[in-house]
Trainee: 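Handing you this structure, nothing more for now.
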Amino acid sequence: EPEVTQTPSHQVTQMGQEVILRCVPISNHLYFYWYRQILGQKVEFLVSFYNNEISEKSEIFDDQFSVERPDGSNFTLKIRSTKLEDSAMYFCASSPGLAGEQFFGPGTRLTVL
Amino acid sequence: AQSVSQHNHHVILSEAASLELGCNYSYGGTVNLFWYVQYPGQHLQLLLKYFSGDPLVKGIKGFEAEFIKSKFSFNLRKPSVQWSDTAEYFCAVILSGGYNKLIFGAGTRLAVHP
């Protein structure tokens, strides 16, 4: 069964450094998402992406964040200058259509020191 | 702001006990409703979903949920839990016109003892 994959599983970085989190969505899906979960808090929506552009973003998704689909398979989340409060589990998801089931990857645990 | 509330943060049950996890949402319009489960060390996976039609929906592994529109609720049930149901359970909604943004509840950690 096809799955969403994410790399790395754990990333440790220094405050102020740039990080890129990578995701490979399910191949025939059209909608892509990033969510995050800070330890002990809810899973929060960051951004959705369709047809090579952002379709919706949350207030968390400020200028420090960007997303890209550089080729036909990868979907990346970049944080330009990480802050301590960016430490969280970041989940990528994809869906074949609008408002339907989203398939989640295993997550990347980001630790900012 | 629209939100999803899960009433129980931690639930401990013995095997064969019945389970009901509460979920309420605050939004007056049309919603799509979901329950996701995260087993230890695994990723979020869909248990069941409700878009329209019969408000009692059946999912995988013997789980079901009932949508009660008048109560803005979508409670998850299982008549007899197993040790393998130990996991974290998340209720989530997509609002009409909300593109695909899933709004999650805080999650309920279920521990089932043999």
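Convention: sequence-line order gives letters A, B, ...; per-chain numbering from 1. Since we're looking at a predicted model, the values are computed, not measured.
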Trainee: Would you say A:Val4 and A:Leu21 are hydrophobically clustered, going by side-chain heavy atoms of ILVMFWY under 4.5 Å?
Mentor: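 As far as the 4.5 Å side-chain criterion goes, A:Leu21 and A:Val4 are not connected within one cluster.
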Trainee: In terms of heavy-atom contacts, does CD1 of B:Ile60 have more than 12 from other residues, nucleotides or ligands at under 6.0 Å?
Mentor: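 Yes, enclosed.
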Trainee: Nearest 0.5 Å, what's the CZ-CG distance between A:Phe104 and B:Leu46?
Mentor: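 Taking CZ in A:Phe104 and CG in B:Leu46, the distance rounds to 9.5 Å.
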Trainee: Mind listing the closest non-hydrogen atom pair of A:Tyr35 and B:Lys101 along with its distance?
Mentor: OH-C, 4.1 Å
Trainee: Can you check whether A:Gln6 reaches B:His43 side chain to side chain, under 4.5 Å on heavy atoms?
Mentor: no
Trainee: State whether the number of non-hydrogen atoms from other residues, nucleotides or ligands found under 6.0 Å of A:Asn28 atom CG is greater than 12.
Mentor: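 It does: A:Asn28 CG has more than 12 such atoms within range.
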Trainee: Minimum heavy-atom separation for A:Val43 to B:Phe90, with atom names?
Mentor: CG2-CE2, 4.2 Å
Trainee: Looking at A:Arg109, I'd like to know if its CZ atom is crowded, meaning that more than 12 non-hydrogen atoms belonging to other residues, nucleotides or ligands lie closer than 6.0 Å.
Mentor: no
Trainee: Check for me, please, whether B:Leu48 and B:Leu110 land in the same ILVMFWY cluster - side-chain distances under 4.5 Å, paths through other members count.
Mentor: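 As far as the 4.5 Å side-chain criterion goes, B:Leu110 and B:Leu48 are connected within one cluster.
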Trainee: Got a second to check how far A:Gln102's CD is from B:Phe34's CZ, nearest 0.5 Å?
Mentor: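 These two atoms lie 7.0 Å from each other.
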Trainee: Which bit of B:Gln45 is near chain A, if near means a heavy-atom gap under 4.5 Å: side chain, backbone, both or neither?
Mentor: neither
Trainee: Would you mind reporting whether A:Glu101 and B:Tyr36 have side-chain heavy atoms less than 4.5 Å apart?
Mentor: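 They are in side-chain contact.
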Trainee: Surrounding CZ of B:Arg109 (heavy atoms of other residues, nucleotides or ligands, distance under 6.0 Å), is the total greater than 12?
Mentor: no
Trainee: Taking a hydrophobic cluster as the set of Ile, Leu, Val, Met, Phe, Trp and Tyr residues connected by side-chain heavy atoms closer than 4.5 Å, whether directly or through intermediates, do A:Phe65 and A:Val47 fall within one such cluster?
Mentor: yes
Trainee: First locate atom CD of A:Gln37, then atom CG of B:Leu44, and finally report the distance between them rounded to the nearest 0.5 Å.
Mentor: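 One gets 7.5 Å once the value is rounded to the nearest 0.5 Å.
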Trainee: Let me confirm one number: the OG-CG distance from A:Ser95 to B:Leu102, rounded to the nearest 0.5 Å.
Mentor: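 So the OG of A:Ser95 and the CG of B:Leu102 are separated by 9.0 Å.
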